[in-house]
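Okay, so here's the structure we're looking at.
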Amino acid sequence: MNIGQKIFRYGSVTSTNVILKELALEGFEPGTVVVSVIQTKGCGRLERAWDSPKGGLWLSVLLDTGGVQSGEKFGLIPLMTASAVADAMASTAALAARLKWPNDVLINGKKACGILGEILKVEGKQLAIVGIGLNVNNPVREGYEFSAVSTSVSEELGKDADLLELETAILSELANRNSLLNAGKYDQILNEWRGLSDTLGKRVKITTPTEEIEGIAKDVNESGSLVLERDGKVETIVAGDCEHFD
Ligand code: BT5
């Protein structure tokens with residue numbers, strides 16, 4: 001099934017990722033999409049809350065990852081999804097988005113979109129759910145710890161954007177990259193991400209559940225991990241929160 005051939009649309013759900021997981025377990029095929037006007041319990045990574053008021057694009061996509069040759073390549077899914085969102089924003093809203101490792105899409109240095117990837121097995125089939133939260137016509141709410149470092153498409157454009165047009169473009173860009181992933185064209189995914197990256201070349205601080213690491217972001221490796229240079233030594237980081245220093 002093509003991505004977006006079956007789209008479930010809701011006014012309100014807890015989390016589109018949670019609903020899509022239920023649908024996947026019921027047997028709905030890869031390519032199925034869940035979109036909701038609001039989420040009452042939108043989630044970020046590490047069970048953090050994702051603010052999801054009306055006006056944003058909150059969606060999840062069930063991906064077939066049957067062609068992926070090894071589990072470590074699943075780290076490429078957030079990267080290819082971020083590139084898909086950036087390309088869709090460029091083509092539909094003429095916005096030049098940049099990417100922050102591992103899962104953020106920035107406009108003018110502020111987070112406009114977060115991505116939540118999850119892997120699941122249904123009847124022996126390896127699938128992935130990718131959740132995309134893009135602030136579109138919802139001005140970022142004030143009073144949150146993220147307010148000052150976040151933005152939305154409408155804030156950057158100075159006018160509202162067409163939600164459906166953005167959604168369609170994102171699904172089509174994601175379908176292209178999912179095909180690359182299943183065909184083993186990992187370099188193409190990585191090179192595109194590198195070209196859109198705002199992280200590479202910068203001094204960064206990475207916070208993991210156990211430590212804080214500062215260094216220069218050198219590259220992403222073939223499994224999407226960040227390659228960092230610290231005190232002349234090279235380290236790879238699989239997951240963490242990244243802060244950019246200028
Ligand atoms: C993410 O997590 O950035 C992943 C967000 C994924 C959301 C989508 S919406 C559709 C699908 N369904 C879901 O339930 N989730 C996915 P993380 O990197 O952990 O960032 C979370 C942090 O971003 C929070 O702790 C806040 O500081 C901040 N944040 C929360 N809501 C935000 C928003 N609307 N815009 C910008 N930043 C936000």
Side-chain angles (χ1 to χ4, degrees), residues 1-10 13-36 39 42-45 50 52 57-89 91 99 101-105 113-134 164 166-193 196 220 222-225 238-239:
M1 183 167 75
N2 295 328
I3 286 181
Q5 200 169 304
K6 178 124 196 93
I7 302 184
F8 288 86
R9 294 188 185 277
Y10 297 91
V13 295
T14 50
S15 152
T16 53
N17 269 40
V18 170
I19 303 296
L20 185 55
K21 199 181 292 174
E22 287 168 10
L23 292 171
L25 293 171
E26 278 173 34
F28 282 92
E29 285 179 41
T32 302
V33 174
V34 170
V35 188
S36 187
Q39 296 183 113
C43 1
R45 293 172 303 147
W50 183 260
S52 315
L57 187 54
W58 323 124
L59 64 85
S60 299
V61 184
L62 187 62
L63 297 178
D64 173 11
T65 59
V68 175
Q69 288 144 17
S70 94
E72 66 184 25
K73 303 296 180 198
F74 290 125
L76 299 177
I77 293 175
L79 305 192
M80 74 180 196
T81 306
S83 301
V85 172
D87 255 18
M89 289 209 287
S91 63
L99 308 182
W101 185 85
N103 69 329
D104 291 354
V105 183
C113 172
I115 290 156
L116 180 66
E118 299 180 60
I119 301 301
L120 74 161
K121 233 186 191 142
V122 182
E123 290 171 4
K125 255 204 242 163
Q126 189 76 66
L127 305 175
I129 287 178
V130 70
I132 299 170
L134 175 60
L164 195 59
L166 259 171
E167 176 195 303
T168 307
I170 288 173
L171 294 179
S172 146
E173 297 290 352
L174 186 58
N176 293 340
R177 286 152 185 92
N178 194 40
S179 303
L180 292 178
L181 185 77
N182 279 323
K185 298 192 172 156
Y186 308 125
D187 278 350
Q188 246 173 281
I189 291 171
L190 284 165
N191 283 335
E192 183 184 36
W193 190 90
L196 289 165
V220 277
E222 67 285 350
S223 40
S225 300
V238 177

Within the structure provided, determine whether [X] and [Y] are in side-chain contact (heavy-atom separation under 4.5 Å).
{"X": "Leu57", "Y": "Ile132", "answer": "no"}
{"X": "Asn182", "Y": "Val68", "answer": "yes"}
{"X": "Val61", "Y": "Ile3", "answer": "yes"}
{"X": "Val34", "Y": "Trp58", "answer": "no"}
{"X": "Leu63", "Y": "Val130", "answer": "yes"}
{"X": "Leu181", "Y": "Phe74", "answer": "no"}
{"X": "Ile19", "Y": "Phe8", "answer": "no"}
{"X": "Lys73", "Y": "Ile189", "answer": "no"}

Taking [X] for the side chain and [Y] for the main chain, is one N or O donor matched with an acceptor at less than 3.5 Å?
{"X": "Gln39", "Y": "Thr16", "answer": "yes"}
{"X": "Thr32", "Y": "Lys6", "answer": "no"}
{"X": "Thr81", "Y": "Ile77", "answer": "yes"}
{"X": "Asn17", "Y": "Ile129", "answer": "no"}
{"X": "Asn191", "Y": "Asp187", "answer": "yes"}

Drop me the distance from [X]'s [atom1] to [Y]'s [atom2], to the nearest 0.5 angstrom.
{"X": "Leu127", "Y": "Lys21", "atom1": "CG", "atom2": "NZ", "value": "12.0 Å"}
{"X": "Met80", "Y": "Asn178", "atom1": "CE", "atom2": "CG", "value": "4.5 Å"}
{"X": "Glu192", "Y": "Glu173", "atom1": "CD", "atom2": "CD", "value": "8.0 Å"}
{"X": "Ile115", "Y": "Leu99", "atom1": "CD1", "atom2": "CG", "value": "8.0 Å"}
{"X": "Leu59", "Y": "Leu134", "atom1": "CG", "atom2": "CG", "value": "8.5 Å"}
{"X": "Ser36", "Y": "Leu20", "atom1": "OG", "atom2": "CG", "value": "12.5 Å"}

| Under 6.0 Å from the CD atom of Glu123, do we count more than 12 heavy atoms belonging to anything else shown? |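 Incorrect, the count does not exceed 12.
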Do you know the tightest heavy-atom contact between [X] and [Y]?
{"X": "Ser91", "Y": "Ala169", "result": "OG-CB, 4.4 Å"}
{"X": "Pro102", "Y": "Arg45", "result": "CG-NH1, 3.6 Å"}
{"X": "Ser52", "Y": "Gly42", "result": "OG-CA, 4.1 Å"}
{"X": "Leu62", "Y": "Glu29", "result": "CD2-O, 3.4 Å"}
{"X": "Ile119", "Y": "Gln126", "result": "CG2-NE2, 2.9 Å"}
{"X": "Trp101", "Y": "Ser225", "result": "NE1-C, 4.1 Å"}

| request: Mind running side-chain contact (heavy atoms from CB on, under 4.5 Å) on Leu116 and Asn103 for me, showing each step along the way? | output: CA-CA 7 Å; Leu116 180 66; Asn103 69 329; over 6 Å; no
